[in-house]
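In what follows, chains carry the letters A, B, and so on, assigned in the order in which the sequence lines appear, proteins first and then strands, with residues in each chain numbered from 1. What you are looking at is a predicted structure, and each value in this text was computed from that prediction instead of being measured.
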Amino acid sequence: MTAKIRTIFMGTPEFAVPGLQALLKSPDFEIVGVYTQPDKPVGRKMILTPPPIKTAALTKGLPIFQPEKINAEADNIRSLKPDLIVVIAYGKIIPQTILDIPQYGCVNVHASLLPKYRGASCLAAPILNGDEESGVTIMKMDAGMDTGDIIKQAGVKLSAKETLSSLHDRLSALGAEILADTLKEYINGTINPQKQDESQASYVPLIKKEDGRLQVNLSAAELERRIRAYNPWPGAFLLLNNGEKIKVLEADTEISANTRKIGEIYTKNGQLALNCGQDILFILKLQRENRKAMNASDFLKGNQDILNLNAI
RNA sequence: CGCGGGAUAGAGCAGUUGGCAGCUCGCCAGGCCCAUAACCUGGAGGUCGUCGGUUCGAAUCCGACUCCCGCAA
């Protein structure tokens, strides 16, 4: 490679920031434009807030574009004369007309080991399913949803305490770590992208708020996985029979058959316990509405009344 | 001005017709027991978020401010 690779970066949330920084650090890439979603009102005061990628790009003085619709951007993108477009969690489908513009096409970083977990909730899915590993896939984008040819993959082992948050950070960093080198190998022709095995493909849908509801008829193990997979968003919560919602931030399980009712809340050996459809869920860390998050042991000191309630 | 909750002992919480500041746990000292997340006795620890106002008197009523949080996005 003699000249720098003219690159457009498209991304929006925190997940994409390390990737952008990795390309900025590499001497082989020149970021000629950054596409990100428009600022949105966010937070308690509904303050118009720029996406993390915009904030990162601003500090480097990069040209930023925040169109509502990417479809109409073909002319602008052409004028930037990109050799390559790198897309990490941009948040919009990129049309074929744009995919075709750069000579090296568009390359995407996806946070799963494709073809498994195509789609939106690829970070939560392996935790929900109790998988032992996940990873990132760098692929050449095509018009489908995460169906492009695979350039490179890297895996990570999931720990028994993996949360959406921890996996997000690990995969975000991992993707950024291999990004620059992988792109260079791809452009040099050292790597030949491989088609995905369609027979192994699976799709995961967008997580909805209501998915965070812990349904007590499920097994303790399943609930515990949900607590990790939905932490911090959308958050796993118990609905009590007084109408109150209690967020459960951390829990443990105990295999135990007993005669208590499903949904019963009690203490066992000083721990806050919930009887589930199967086995017992020990709630270790929780958050009552309008309160701070706290350990269950602290919570019990001033909230013994919860023992008269049930989860429904 | 998107809606709403909160700030009281190390922790978690009570505490409005304004009138000496409480509970549970923890902590310290001692006791009891083969033993215990057990129990008993005693003790330390708070200018009740900040500033101002009303009052004989304010954690409590009024005003301003700071910080924290839930919903919603």
Side-chain angles (χ1 to χ4, degrees), chain A residues 11-17 35-56 66-70 89-93 119-121 123-124 163-165 168 205-215 220 223 226-256 258 260 264-275 279-312:
Chain A
T12 300
E14 197 61 44
F15 184 85
V17 172
Y35 271 78
T36 191
Q37 295 298 308
D39 295 5
K40 285 185 182 153
V42 86
R44 212 109 47 192
K45 299 282 187 269
M46 298 300 280
I47 296 166
L48 207 58
T49 306
I53 281 293
K54 180 181 182 181
T55 308
Q66 298 180 278
E68 276 298 338
K69 294 183 176 180
I70 185 73
Y90 175 58
K92 289 259 171 40
I93 304 286
S121 57
L123 283 168
T163 64
L164 184 66
S165 170
H168 168 282
L206 200 61
I207 296 173
K208 297 190 297 285
K209 198 83 178 173
E210 179 56 25
D211 296 332
R213 160 92 180 277
L214 294 172
Q215 294 170 297
L223 293 178
R226 288 180 182 218
I227 289 162
R228 288 187 285 116
Y230 296 150
N231 178 349
W233 198 91
F237 62 91
L238 286 171
L239 192 56
L240 304 185
N241 55 353
N242 67 351
E244 190 175 353
K245 282 199 248 181
I246 291 198
K247 277 192 188 175
V248 182
L249 303 175
E250 202 178 319
D252 208 346
T253 61
E254 180 178 284
I255 297 172
S256 162
N258 62 65
R260 291 177 186 274
E264 187 170 345
I265 296 170
Y266 56 103
T267 55
K268 179 175 182 182
N269 298 335
Q271 288 191 288
L272 185 58
L274 170 72
N275 208 41
D279 303 328
I280 298 172
L281 188 74
F282 284 123
I283 297 169
L284 303 179
K285 197 170 179 187
L286 55 76
Q287 184 171 25
R288 201 167 206 174
E289 286 175 318
N290 302 329
R291 299 290 183 171
K292 289 189 187 181
M294 65 186 81
N295 295 326
S297 55
D298 290 333
F299 174 80
L300 280 171
K301 286 169 187 168
N303 296 281
Q304 292 279 330
D305 55 311
I306 195 177
L307 301 176
N308 298 319
L309 299 172
N310 290 319
I312 54 178

- Over 12 foreign heavy atoms within 6.0 Å of NZ, A:K54: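 Count over threshold, so yes.
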For [X], which contact category applies under a 4.0 Å heavy-atom criterion: base, sugar-phosphate, or nothing?
X: A:G302; answer: base
X: A:K247; answer: sugar-phosphate
X: A:R44; answer: base
X: A:Q287; answer: sugar-phosphate
X: A:K209; answer: sugar-phosphate
X: A:N303; answer: sugar-phosphate

Watson-Crick/G-U partner (both atom distances under 3.5 Å) of [N]:
N: B:A64; answer: B:U50
N: B:C71; answer: B:G2
N: B:C56; answer: B:G19
N: B:U41; answer: B:A29

Please state the [atom1] separation for the pair [N] and [M] - nearest whole angstrom.
N: B:U50; M: B:C56; atom1: P; answer: 24 Å
N: B:C20; M: B:C48; atom1: P; answer: 15 Å
N: B:C25; M: B:C68; atom1: P; answer: 32 Å
N: B:G63; M: B:C27; atom1: P; answer: 43 Å
N: B:U66; M: B:G57; atom1: C1'; answer: 28 Å
N: B:G4; M: B:U60; atom1: P; answer: 23 Å
N: B:U8; M: B:U47; atom1: P; answer: 12 Å
N: B:A21; M: B:G30; atom1: C1'; answer: 28 Å

Identify the two heavy atoms, one from [X] and one from [Y], that lie closest to each other, and give their separation to 0.1 Å.
X: A:A124; Y: A:I207; result: CB-CD1, 3.5 Å
X: A:P51; Y: A:Q37; result: CG-O, 3.2 Å
X: A:P38; Y: A:E68; result: CG-OE2, 3.5 Å
X: A:L309; Y: A:I265; result: O-CB, 3.6 Å

- Message: With nearest nucleotide decided by heavy atoms, which residue, A:G270 or A:L300, maps closer to the 5′ end of RNA chain B?
- Response: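 Residue closer to the 5' terminus by nearest nucleotide: A:L300.
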- Query: Given that A:M46 and A:Q304 both sit by RNA chain B, which one's nearest nucleotide is further toward the 5' end?
  - Reply: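 Here A:M46 is the residue nearer the 5' end.
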Enumerate, atom names and distances included, each donor-acceptor pair closer than 3.5 Å involving a side-chain atom of residues 296-306 of chain A, sequence neighbours excluded.
| from | atom 1 | to | atom 2 | distance (Å) |
| --- | --- | --- | --- | --- |
| A:D298 | OD1 | A:K301 | NZ | 3.2 |
| A:N303 | OD1 | A:R288 | NH1 | 2.6 |
| A:N303 | ND2 | A:F299 | O | 2.9 |
| A:Q304 | NE2 | A:L300 | O | 3.0 |
| A:D305 | OD2 | A:R288 | NH2 | 3.3 |

- Query: Is a side-chain N or O of A:N241 found less than 3.5 angstrom from the main chain of A:N310, in a donor-acceptor match?
  - Reply: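 Side chain of A:N241 to backbone of A:N310: a pair is present.
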- Walk along RNA chain B from 5' to 3' and tell me the first and last nucleotide with an atom closer than 4.0 Å to a non-hydrogen atom of chain A.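 For RNA chain B, the relevant span reads B:G2 to B:A73.
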- CG on A:L272 to OG1 on A:T267, rounded to 0.5 Å: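 Interatomic distance, A:T267 OG1 to A:L272 CG, rounded to 0.5 Å: 8.0 Å.
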